[in-house]
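Take a look at the structure below.
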Protein chains: 2
Amino acid sequence: MIKRTKGVTISQVAEAAGVARSSVSRAFTRPDMLSPETVERIMKAAEAMGYVPNHTARALSTGRHGNIGLIVPDIANPFFPPMIQAAQLEADRSDFCIFLGNTEENPKQEDKLVGRFAGQVEGLVLASSRLSDERIRAHAGKLPLVLINRDLDGIPRVLIDSGSGVREAVEHLVKLGHRKIAYVSGPSTSWSNKQRRSAMRAAASGLGVAVETVPAVLPSYNSGRNAVGAILATGATAAVAFDDLTAQGVLAGLAEKSISVPLDFSVIGCDDVLGAVTYPALTSVSNRSMEAGRVAVFLLLDMLQSRAVRDVRYVLETHLVMRETTALQSKN
Amino acid sequence: MIKRTKGVTISQVAEAAGVARSSVSRAFTRPDMLSPETVERIMKAAEAMGYVPNHTARALSTGRHGNIGLIVPDIANPFFPPMIQAAQLEADRSDFCIFLGNTEENPKQEDKLVGRFAGQVEGLVLASSRLSDERIRAHAGKLPLVLINRDLDGIPRVLIDSGSGVREAVEHLVKLGHRKIAYVSGPSTSWSNKQRRSAMRAAASGLGVAVETVPAVLPSYNSGRNAVGAILATGATAAVAFDDLTAQGVLAGLAEKSISVPLDFSVIGCDDVLGAVTYPALTSVSNRSMEAGRVAVFLLLDMLQSRAVRDVRYVLETHLVMRETTALQSKN
DNA sequence: GAGTTCCATGCAACCGGTTGCATGTCAAGT
DNA sequence: ACTTGACATGCAACCGGTTGCATGGAACTC
């Protein structure tokens, strides 16, 4: 049976050191206000007693808790972990802790989490939020907010411009001789999906080739696999998928039909989350999710320090990462 | 420029409703102590003013914050996100929030995070901790702790027994005719690695076949790829890798040498994190990390409620998931 | 109708810090 | 020697809730 020691308080330290409570407090927060000897005496007493400042009490009186919240729609989607990791690292540099929320792609859950986080965090980063514009603005009225992959003016936001990478993807395919390309789409409410689809169309029409959109509802392996029939029905010789998971599904679906990649068909993914760890290595559009996480936290901390909301719109461009699932269009 | 509304307090609600502060407090925490009419009046006033209880103040006076911390060595390792997700879901059922910490596989960082979390969480889950036994025990003396994949008696722990799955893997390979099997190992400090390696040896010697351990330092794609030379040098006809990432690397390395899988060589991964989303589908040992996350949080919440530390040792067995990277040993 | 019980509510202390202001001390300035 | 100011420290209010105990009135008992 383990017994827990309960906390030493500032009063106990004060008594031990023979000073007022306020002096102990200042020894920790603003030692320059006290004489060096007093500080040392207090610190020694504190150390001896194992005193650790109570975070909650401090937060109550200062209003600062040193926490920020990060809410994502789906941790299990490999797009997010690197972002979370980078956000954490950046927060850590300023001694902030991260509260993580997972919404399961559910706006209700997201709303609930925001409510529960508010009050114990000083600010929030919403990544790929599934909330309505109104809800987001409502929340932004209550606490500092930074968005990732959501474009609402007046609210600081970091946008990963997958458009630039998708454009490169189309150009690359066209250069390889493809004249009809399928786009296997993602969730219709997703900002990224809209962005990618319109970038596909714009690039294709600029180059005089055709794009056919094949719906896939959810970004997942199975969606991609199931979409293969529809893809082939369009007569396309290459496909760009909404994300790498979907692209892997497409790869599997093609293999089942004995269509060889890249000889007979070229496939490109997005977000580059699996490309480097699978075989054959998937050609994909880079994601920059790590930068996004880092920058979002940076912006948030900056807002907190300056107490001002700047209308920042930080755009990260993406590029095509060429690997082994694209090749010259052979037949016809 | 957005302006933020600052919080409504219990005193303001009390005044508006014409009652004492304590009554407002009770209306929210123990409404049965008040007459229904009073509760309704208070609630109406609170609603009208947009009152939300201050989490920090409540935590200060009750000592309960409704948060638990979850610390993992590497979010980017696909083994952990499902675990985090499941933990979050379980915590949510009891209205707890999750603090997430990422240690970058660094014990120092882990210690630091534990220190920073303590004081704002009521308990902690340490997954695959890289801390020394002493440090873990020291922390467990200060706050409720549950371990995942770490076996320290006296401290509640959830263990994923990959041994059972690895045993099945070896049996499967032997049944397919393999007589010499390589084990591509993971980090030497890892509890799971030790467990898997010894399960390999035990199973192999029980069946009268040989196991050769090939070191791979880090669990990663590149480690696996680089290990291929050493694997082939042992004369093995099949390999079991420490995890799926490593296994994918092995797959890639074999492909580079034009060794076809599974015709010429069989490969099995562990943790089953990539098997279902890649092509060819990887045969792997199931991970049960979701159950582990769920159970760990469940145990922790149970400890918090009962205020007792039980010496729980919860073991989750794993199994072989057969897919397409294993086949009958052909040559020789 | 006096005594007892019970329930709803208020009072005030408390959780553990922070901080504006007052006070006391000591040295420098004239 | 007296003023002035700087500096170190203490006092007490405050952050926003919770909770043990006291109180007062209504209902119930005999």
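Not measured: the values here are computed from a predicted model. Labels below follow one simple rule: chain letters A, B, ... track the order of the sequence lines, proteins then strands, and each chain is numbered from 1. Reckoned from all heavy atoms, side chains included, excluding hydrogens, waters and symmetry mates.
Put simply, CZ on R41(A) is 13 Å from C1' on dG10(D), counting in whole angstrom units. Rounded to whole Å, the distance from CD1 on I42(B) to P on dT18(D) is 12 Å.
Every pair passing salt bridge (charged side-chain N to carboxylate O under 4.0 Å, His left out) that includes a residue from residues 78-91 of chain B is listed here, sequence neighbours excluded: E90(B)-R93(B). Sorted by first and then second residue, the pairs that involve residues 95-105 of chain B and meet side-chain hydrogen bond (donor to acceptor under 3.5 Å, both in side chains), not counting sequence neighbours, are Q85(A)-E104(B), R116(A)-D95(B), N102(B)-E104(B), E105(B)-R130(B). For residues 95-114 of chain A, the set of pairs meeting the ring pair (Phe, Tyr, Trp, His ring centres under 6.0 Å) definition, not counting sequence neighbours, comprises F99(A)-F117(A), F99(A)-F99(B). Sorted by first then second residue, the side-chain hydrogen bond (donor to acceptor under 3.5 Å, both in side chains) pairs that include residues 47-60 of chain A, not counting sequence neighbours, are H55(A)-Q120(B).
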Sort me out a list of protein N/O and nucleotides 14-17 of chain D N/O pairs below 3.5 Å, or just none if empty.
unit_1: dG16(D); atom_1: N2; unit_2: A57(B); atom_2: O; d: 3.4
unit_1: dG17(D); atom_1: OP1; unit_2: N54(B); atom_2: N; d: 3.4
unit_1: dG17(D); atom_1: OP2; unit_2: I10(B); atom_2: N; d: 2.7
unit_1: dG17(D); atom_1: O5'; unit_2: Y51(B); atom_2: OH; d: 3.0
unit_1: dG17(D); atom_1: O5'; unit_2: N54(B); atom_2: N; d: 3.4
unit_1: dG17(D); atom_1: N7; unit_2: R21(B); atom_2: NH1; d: 3.0
unit_1: dG17(D); atom_1: O6; unit_2: R21(B); atom_2: NH2; d: 2.9

Show each protein N/O and nucleotides 20-24 of chain C N/O combination with a separation under 3.5 Å, one pair to a line.
unit_1: dG20(C); atom_1: O6; unit_2: R26(A); atom_2: NH1; d: 3.4

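The residues R288(A) and D161(A) are annotated as not salt-bridged, no charged nitrogen and carboxylate oxygen being separated by less than 4.0 angstrom. Salt-bridge check for R294(A) with E291(A): failed, with every basic side-chain N at 4.0 Å or more from each acidic carboxylate O. D153(A) has no carboxylate O lying under 4.0 Å from a charged side-chain N of R313(A), or vice versa, which leaves the two without a salt bridge.
Inter-axis angle, ends of the helix from dG1(C)-dC30(D) to dT30(C)-dA1(D), five pairs per end, rounded to 10 degrees: 50°.
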Show every donor-acceptor pair shorter than 3.5 Å between a side-chain atom in residues 27-34 of chain A and any protein atom, with sequence neighbours excluded, or say none if there are none.
unit_1: T29(A); atom_1: OG1; unit_2: S25(A); atom_2: O; d: 3.0

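OP1 or OP2 of dT9(D) has at least one side-chain nitrogen or oxygen of T38(A) nearer than 4.0 Å.
At a non-hydrogen distance threshold of 4.0 Å, nothing from residues 111-119 of chain A comes into contact with DNA chain C.
Residues passing the side chain to side chain donor-acceptor pair (under 3.5 Å) test with N106(B), sequence neighbours excluded: none. Partners of H65(A) according to the side chain to side chain donor-acceptor pair (under 3.5 Å) rule, which considers only residues two or more places apart in sequence or in another chain, do not exist here. Residues satisfying the ring pair (Phe, Tyr, Trp, His ring centres under 6.0 Å) criterion with F80(A), sequence neighbours excluded, are absent altogether.
Contacts of V24(A) with the nucleic acid, taken as non-hydrogen atoms under 4.0 Å apart, are absent.
Among all heavy-atom pairs drawn from N287(A) and M290(A), the shortest one is OD1-N, 4.3 Å.
Y314(B) places a side-chain heavy atom less than 4.5 Å from the side chain of L316(B).
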